[in-house]
Structures are given as C-alpha cells and as structure tokens.
Amino acid sequence: MDSPESCAVLEPEAVIPTGPLAGSALAPFAAWLGIAVREADLGRSMLVMTASARLANRRGVIHGGAIATLMDSSMAIATRTIESGLETSGTVDLNIHFIAPGRGDLTARAEVKHAGGSIAFCQCEVRDEAGTLVATAMSSFKLRRPKSSPAGPE
C-alpha cells in the first residue's frame, strides 16, 4: 500500500484563473486529467480537457470516466459561483448520457438551473473540437454555506 508521502501531489497546484473563484484550487485529479477552467461566473462554467493518450479507452477515444470527471467538475465549479463563500459538500447524483465518442480536446459548459437552501441542480454538455455533442449530464450538489458569526458587542 502507498504511504501518504507517495501520494503527495508533485505537480504545481492548478488554480481557477477567472471569476469569483479566481485563485482557488482546482481538484488535483481534475488537473491531472488535463482539465483547465476557462470561465466560471454567475452559475456557469466552461472547462476544457486536453486530449492525451492517458485519457484513452481501448478504442482510442476519451474514456467515459474522464468525461464524467470533466462534467462533474464543471457543474461543481458553476455551483460554487452562485454565492460568495459557497462550497459543495459533494455530488449527490450524476446522470450522464453519452451521445458520441469523445475525440480531441473536449469542452464542458455547465449551468446551475436551481439552487435551494441545501441542494443545487445543474446541467452540462460536452462538445468536441468540431462542435459535436459528446455527452449531456444533470447533477445535484449538496451545498455548504459559510456559517454566519453572531454579532456581539465590541
């Protein structure tokens, strides 16, 4: 079994470069897959996953698990942009429809459709470089809002 030291991320930490989440970390697994955030603001996001041999399945197209991670990451980031300090406690569900093989660099566009007190609902689509629809998804996320501190006398 690997020790915690052998699992340490050796690459520089990837960060979200734009919008209200600018400077916050991208999940190491998403960064390892070659996912980068291009846009993230107002309940929307656009992420790109650069094609590489390590993402391929046996048929030489992008593995569905990598596409699922791209979509999940895109929807989670879109959700975090709807309110300052908002975090997700995790994906509650993720429903994906694979429509065409993923070839080349893939772009995910996600949008929050509704955010309630504790759950947000999102939609996402992934397209390849030619604009072909590769997959669609719907997901819900458990929300974690910052606790307000009681104002006391100074």
Check: Asp128 main-chain N/O paired with Thr132 side-chain donor or acceptor under 3.5 Å: no

Could you grab the distance from atom CG of Asn95 to atom SG of Cys124, nearest 0.5 Å is fine? 12.5 Å

Please list, chain by chain and in numerical order, all residues satisfying salt bridge (Lys or Arg N to Asp or Glu O under 4.0 Å) with Glu125, sequence neighbours excluded. Arg127

Do Ile119 and Val92 touch side chain to side chain, with heavy atoms closer than 4.5 Å? yes

Return each pair, listed once, that meets salt bridge (charged side-chain N to carboxylate O under 4.0 Å, His left out) where at least one residue sits in residues 78-87; pairs must be two or more places apart or across chains. Arg80-Glu87, Glu83-Arg145

What are the two closest non-hydrogen atoms of Ala40 and Ile77, and how far apart are they? CB-CG2, 3.7 Å

Mind running side chain to side chain donor-acceptor pair (under 3.5 Å) on Thr88 and Thr79 for me, showing each step along the way? CA-CA 8 Å; Thr88 59; Thr79 298; over 6 Å; no

Apply salt bridge (Lys or Arg N to Asp or Glu O under 4.0 Å) to Arg144 and list each qualifying residue two or more places apart in sequence or on a separate chain. none

From Leu55 atom CG to Met49 atom CE, the distance as rounded to the nearest 0.5 Å: 5.5 Å

Heavy-atom closest contact (Ile82 atom, Gly43 atom, distance): CG2-CA, 3.5 Å

Acceptor/donor pairs from residues 61-73 side chains to any protein atom, 3.5 angstrom cut, sequence neighbours excluded:
{"unit_1": "His63", "atom_1": "ND1", "unit_2": "Gly65", "atom_2": "N", "d": "2.7"}
{"unit_1": "Thr69", "atom_1": "OG1", "unit_2": "Gly65", "atom_2": "O", "d": "3.1"}
{"unit_1": "Asp72", "atom_1": "OD1", "unit_2": "Thr91", "atom_2": "OG1", "d": "2.7"}
{"unit_1": "Ser73", "atom_1": "OG", "unit_2": "Thr69", "atom_2": "O", "d": "2.9"}

Sorted by chain and number, sequence neighbours left out, side chain to side chain donor-acceptor pair (under 3.5 Å) with Asp93 holds for Ser140

To the nearest 0.5 Å, atom CE of Met75 lies from atom CG of Leu47 at 11.0 Å

Check residues 99-118 and write down every donor-acceptor pair under 3.5 Å in which the side-chain atom is one partner and the other belongs to a residue at least two apart or another chain.
{"unit_1": "Asp105", "atom_1": "OD1", "unit_2": "Ala51", "atom_2": "N", "d": "2.8"}
{"unit_1": "Glu111", "atom_1": "OE2", "unit_2": "Arg44", "atom_2": "NH2", "d": "3.3"}

Which distance, rounded to the nearest 0.5 Å, do you find between the CG of Leu21 and the OG of Ser84? 9.5 Å

Identify the heavy atoms of Ala25 and Ile16 that sit nearest to each other, and give their distance. O-CD1, 4.4 Å

Interatomic distance, CZ@Phe98 vs OG1@Thr136, rounded to 0.5 Å, equals 9.5 Å

Joint cluster assignment, Leu94 & Leu33, ILVMFWY side-chain distance < 4.5 Å: yes

Take atom CE in Met46; do more than 12 heavy atoms of anything else shown fall under 6.0 Å from it? yes

